[in-house]
Structure formats: C-alpha cells, structure tokens
Amino acid sequence: AITTLISTVALSKMLSLASASTLSLAPAALMRAPAVRTAAPVMESKAELESLAGKLNPVIGYWDPLNLADYDQWSQGQEAAIGFLRHAEIKHG
C-alpha cells in the first residue's frame, strides 16, 4: 500500500512537471501571424467632417474652436492631421 502511494505521488509530480514544461512553450505555440489590412485607412477632409457633424448632431453641428482641423503639425497635410486627431480621440476618449 505504501509503495502504491509513493508511486502515485511520484507519478503526479512527474505529470505536473511535464505539464508545467509544456505550458512554458504555450505562448510560442499560440502565436499567430499578424492580421493583414484589407482596406486603406480613410482620411477625412474638413468638409467631410463638417458634413458628418451636421448629420450626427444637427443641434451642435461642426464645432472646432481651436481650429485643430486646419493644424498641420508634421507637414503631411490636413487629412493626416485629422486622421491623427481622430485616432487620439478614439484611443483616449
């Protein structure tokens, strides 16, 4: 009976060690290839923002008191600036 108990305990320890070593490799096994973007991002112009604002909230409409839509920080154009600001708004709320 003691031999059976010792062999059962030894077997359970070996199995737990084997499963722990297998789990240490799990993140590498679960990694996937990065997603492929199917469509190009859509950058909007100031006119499109004004139109969209009127449709979404006709009471307020387009409101940009700091003129951020006209701000071109990196000399990449108005659409890039609007895309950056929309990304920041979605990310940070």
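Any value given below was found using the heavy atoms of this structure, including those in side chains, with hydrogens, waters and symmetry copies removed. Throughout, numbering of the chain's residues begins at 1 and tracks the sequence.
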- Message: Between Q78 and D72, is there a side-chain donor-acceptor contact under 3.5 Å, judged purely by atom types and distance?
- Response: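 Absent: no donor and acceptor within the cut-off.
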- Item | Connected hydrophobic set around L52, excluding itself, where side chains approach under 4.5 Å |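 Joined to L52, directly or through intermediates: L56.
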For residues 82-93, which side-chain N or O atoms pair as donor and acceptor with protein atoms under 3.5 Å away, sequence neighbours left out?
{"from": "R86", "atom 1": "NH1", "to": "E44", "atom 2": "OE1", "distance (Å)": "3.1"}
{"from": "R86", "atom 1": "NH1", "to": "E44", "atom 2": "OE2", "distance (Å)": "3.1"}

- Message: List the residues meeting side-chain contact (heavy atoms from CB on, under 4.5 Å) with Y62, not counting sequence neighbours, and say none if there are none.
- Response: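 With neighbours one apart ignored, the set is K46, L49, E50, A53, D64, A69.
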- Query: Do I60 and L68 sit in the same hydrophobic cluster, where Ile, Leu, Val, Met, Phe, Trp and Tyr count as joined when their side-chain heavy atoms come under 4.5 Å apart?
  - Reply: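 As far as the 4.5 Å side-chain criterion goes, L68 and I60 are not connected within one cluster.
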